[in-house]
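Throughout, protein chains are lettered first and strands after them, A, B, ... in sequence-line order, and every chain is numbered starting at 1.
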Protein chains: 2
Amino acid sequence: MEPQARPRRVTIVDVARHAEVSTTAVSKVLRNAYGASPEMRAKVRRAIDELGYRPNAGARSLRGQTYTIGVMLPDIRNPFFPEILDGVTASLADTEYQVLLGPGFNGEKEEARVTEAMIDRGMDGIILVAPISSRAHMERVGTAVPTVVIGRHGSSPAYDTVVDDDVEGAALVVGHLAALGHRRIAHIEHHETDPTRLTEMPNARRADGYRLAMRKHGLEEWIDVVSTSYTQEGGHRGTKELLARPVRPTAVFAGADIVAMGVLDAVTEAGLSVPGDLSVAGYDNTTFAAFGPISLTSVDQGGREMGENAVRLLLERIADRGRRSAQVTLSPTLVPRRSTARPAK
Amino acid sequence: MEPQARPRRVTIVDVARHAEVSTTAVSKVLRNAYGASPEMRAKVRRAIDELGYRPNAGARSLRGQTYTIGVMLPDIRNPFFPEILDGVTASLADTEYQVLLGPGFNGEKEEARVTEAMIDRGMDGIILVAPISSRAHMERVGTAVPTVVIGRHGSSPAYDTVVDDDVEGAALVVGHLAALGHRRIAHIEHHETDPTRLTEMPNARRADGYRLAMRKHGLEEWIDVVSTSYTQEGGHRGTKELLARPVRPTAVFAGADIVAMGVLDAVTEAGLSVPGDLSVAGYDNTTFAAFGPISLTSVDQGGREMGENAVRLLLERIADRGRRSAQVTLSPTLVPRRSTARPAK
DNA sequence: ACATCTTTGGGGAACGTTACCCACATCGCT
DNA sequence: AGCGATGTGGGTAACGTTCCCCAAAGATGT
């Protein structure tokens with residue numbers, strides 16, 4: 001009753017022997033390569049099925065391909081990212097590619113660790129979702145392996161990008177609130193100082209869009225931006241600050257749904273009601289926003305489409321590494337819900 | 001201006017040449033293996049840093065190790081799983097291991113695809129989080145590679161398990177509600193027919209625990225189980241059914257927080273209030289439950305501890321593949337919040 | 001008839017790493 | 001002086017694929 005030696009995994013050599021052909025022939029069949037007659041294909045495929053052969057990815061990686069796409073997610077708690085992932089996996093469902101996720105944990109060091117790990121593992125392509133990494137790091141990644149960056153403005157020859165028009169999205173929110181009759185519309189943003197990130201990060205563009213739209217609606221004097229962070233805690237803190245103003249805003253545009261959660265939290269705590277005392281709008285149109293008891297007005301970026309576009313660009317670039325880099329910008333739409341209403345008189 | 005050939009990646013051979021030692025020596029240093037003097041170690045490490053060398057995982061995989069742990073998540077939307085993942089990654093942060101996630105999409109076929117892919121890629125260990133796969137499949141995985149299954153009762157020699165005591169968890173909820181004075185306590189469960197799964201799946205055990213606890217509190221006549229699914233939609237459907245009863249329950253024990261979300265949705269829709277008209281309790285103690293405006297009473301399984309234990313078991317088994325399989329059961333705790341209160345008179 | 005092309009099949013050298021060897025030097029002990 | 005033990009370093013054969021070759025046979029054109 002000793003621990004019997006686990007059976008060695010079946011390799012291409014076993015298949016070749018069983019089908020009475022060369023390993024080269026098996027490899028050709030596996031890759032649908034030129035130089036194999038229909039009869040041989042059939043024979044080899046039968047042997048593969050009979051033996052239950054599966055190619056060893058490590059060995060393949062040594063030769064250049066792993067059929068693996070890595071997706072870096074900075075925060076698995078953010079309910080927006082699953083939408084993107086749906087688009088990615090759906091687009092790859094019928095291909096040989098397998099999607100593996102790497103957790104980034106909202107840190108530059110952590111993002112670097114996981115992207116390096118993906119490169120070490122010979123991934124065929126990498127999708128960076130809303131990375132906080134420096135531009136230099138993303139270019140390093142893009143130079144090593146085909147890369148698409150989702151949610152980062154600005155172009156680079158080293159990688160392709162997919163973003164939504166954040167300025168437009170902010171304008172949709174401000175327009176909606178203004179149309180309802182709000183004038184004192186405040187905004188909670190994610191604090192940013194790094195000059196490159198100020199032009200590239202969606203949070204910065206949304207703040208810009210907010211200011212621009214306020215001016216356009218003649219509400220310049222009511223521009224009120226609180227600078228915290230894109231977390232629930234940031235929304236909570238920002239709201240407490242806003243509620244302490246001598247003249248309170250009647251509406252808050254939170255830069256992300258996760259921030260809006262913090263807003264609602266703080267409003268509940270203060271004994272106020274939404275939208276009675278305060279209208280609240282978010283950004284991302286997460287499942288949380290759609291949730292009945294919350295019913296948060298939000299901006300839909302079309303996460304699915306983002307994922308689909310990222311895959312398209314990535315496959316193109318895997319096929320032709322020399323092609324020029326491309327940028328795709330999607331238009332956001334507004335989804336009004338019960339958290340926004342006319343201001344109290 | 002032709003597309004300059006990307007520089008070849010630096011290999012162990014380059015390091016050896018640069019340090020003027022053999023590749024064997026470099027390999028020894030990399031693995032902290034026996035047979036390298038301190039001077040040599042220093043020399044090699046310097047060369048590694050100077051060249052920015054990183055080991056190729058594919059080549060390593062061919063020799064047996066990839067320093068990669070695969071975690072299969074059946075549903076990236078379920079807010080409970082990030083807790084587990086935190087425990088996993090925290091335990092592995094100081095090791096050489098890299099965690100990669102595979103999306104399972106709540107499907108048996110999809111789970112099989114991703115687990116096979118992980119095996120093909122030579123992962124050193126696999127953690128299956130709340131899998132719906134058949135026992136046979138999990139044993140196949142466990143035979144191929146060290147495996148820990150989280151959230152599945154029943155033991156197998158092929159893999160280790162980490163679960164919480166779901167019967168106990170259900171008892172905590174019923175006990176809490178009974179102590180508040182509730183008698184008509186209903187339960188929404190996830191429908192299950194497969195006999196093996198009936199003994200292994202947490203949802204089935206929670207339903208058992210509910211029935212058991214109701215009897216223990218002398219509430220046998222009020223046992224009322226609605227069989228839908230562990231989704232928001234399932235909670236919604238189940239609640240509509242319960243609200244249509246001639247004698248309505250005063251409290252609902254939802255088998256999971258995600259189900260409780262559906263309950264709250266339906267209650268809002270019906271114009272009723274929580275906990276005024278209906279007390280609601282969930283299971284998993286997700287961030288959603290802790291969210292202020294919701295404030296859902298829930299059972300905490302200690303997701304972090306689950307992840308930590310899974311890693312411990314996994315590393316043990318990687319070190320000694322022959323050791324007996326182990327089962328860890330954690331005790332759940334109740335987290336009372338505002339969604340449960342004394343029933344209206 | 002011959003030359004040339006196309007199709008079909010296989011031999012074998014990589015890819016980067018590890019780990020089993022062996023070789024040699026040095027040391028401590030009888 | 002002789003011996004085994006210990007420490008240090010390297011040579012080299014795998015691991016499982018892919019893909020560049022070449023060879024042979026058959027098809028086609030003159």
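A:R9 has no side-chain polar atom (N or O) that falls below the 4.0 Å cut-off from OP1 or OP2 of D:dG16. Contact annotation: B:Y34 does not reach the phosphate of D:dG9 (side-chain N/O to OP1 or OP2, under 4.0 Å). When the side-chain nitrogen and oxygen atoms of B:S27 are compared with OP1 and OP2 of C:dT17, none of them lie within a distance under 4.0 Å. When the side-chain nitrogen and oxygen atoms of A:R60 are compared with OP1 and OP2 of D:dT18, one or more of them lie within a distance under 4.0 Å.
Across the protein-nucleic acid pair, B:Y53 atom OH and C:dG16 atom C1' stand 7 Å apart, rounded to whole Å. One can place CD1 of A:I12 at 11 Å from P of D:dG16, the figure rounded to the nearest angstrom. Distance, A:R54 CZ to D:dG16 C1': 15 Å, rounded to whole Å. Rounded to whole Å, the distance from NZ on A:K28 to P on C:dT7 is 13 Å. Rounded to an integer number of Å, the gap from B:R8 CZ to C:dC15 P is 8 Å. Between the CD atom of B:Q65 and the C1' atom of C:dG16 there is a distance of 15 Å, rounded to whole Å. Nucleotide D:dC15 holds its C1' atom 13 Å from the CG atom of A:D14, rounded to whole Å. We find that CG of A:D124 is positioned 14 Å from C1' of D:dT18, with the value rounded to whole Å.
For B:V21, the listed nucleotide lying nearest its side chain is D:dG10; candidates were D:dG10, D:dT18, C:dG11.
Salt-bridge check for B:R8 with B:D14: passed, with a basic side-chain N closer than 4.0 Å to an acidic carboxylate O. A salt bridge links A:D194 with A:R197; the closest basic N to acidic carboxylate O contact falls under 4.0 Å. A salt bridge does not link A:R321 with A:E316: none of the charged nitrogens is closer than 4.0 Å to a carboxylate oxygen.
Ranked by how close their nearest DNA chain C nucleotide is to the 5' end, A:S37 and A:T23 are led by A:S37. Each of B:M40 and A:T11 lies near DNA chain D, and the nucleotide nearest B:M40 is the one positioned closer to the 5' end. Of the two residues contacting DNA chain C, namely A:A25 and B:G58, the nearest-nucleotide position lying further toward the 5' end is that of A:A25.
Residue side chain B:T24 reaches the base of D:dG11 through a donor-acceptor N/O pair under 3.5 Å, judged by distance alone. Side-chain to base pairing of B:R63 with D:dA14: one donor and one acceptor N or O lie within less than 3.5 Å of each other.
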Report all side-chain donor-acceptor pairs from residues 121-132 of chain A shorter than 3.5 Å, counting only partners two or more places apart or in another chain.
from	atom 1	to	atom 2	distance (Å)
A:R121	NE	B:T68	OG1	2.7
A:R121	NH1	A:A117	O	3.0
A:R121	NH2	B:T66	O	3.2
A:R121	NH2	B:Y67	O	3.0
A:R121	NH2	B:T68	OG1	3.1
A:D124	OD1	A:T66	N	3.0
A:D124	OD1	A:T66	OG1	3.3
A:D124	OD2	A:T66	N	3.4
A:D124	OD2	A:Y67	N	2.6

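Between A:V26 and A:V21 the shortest side-chain heavy-atom distance falls below 4.5 Å.
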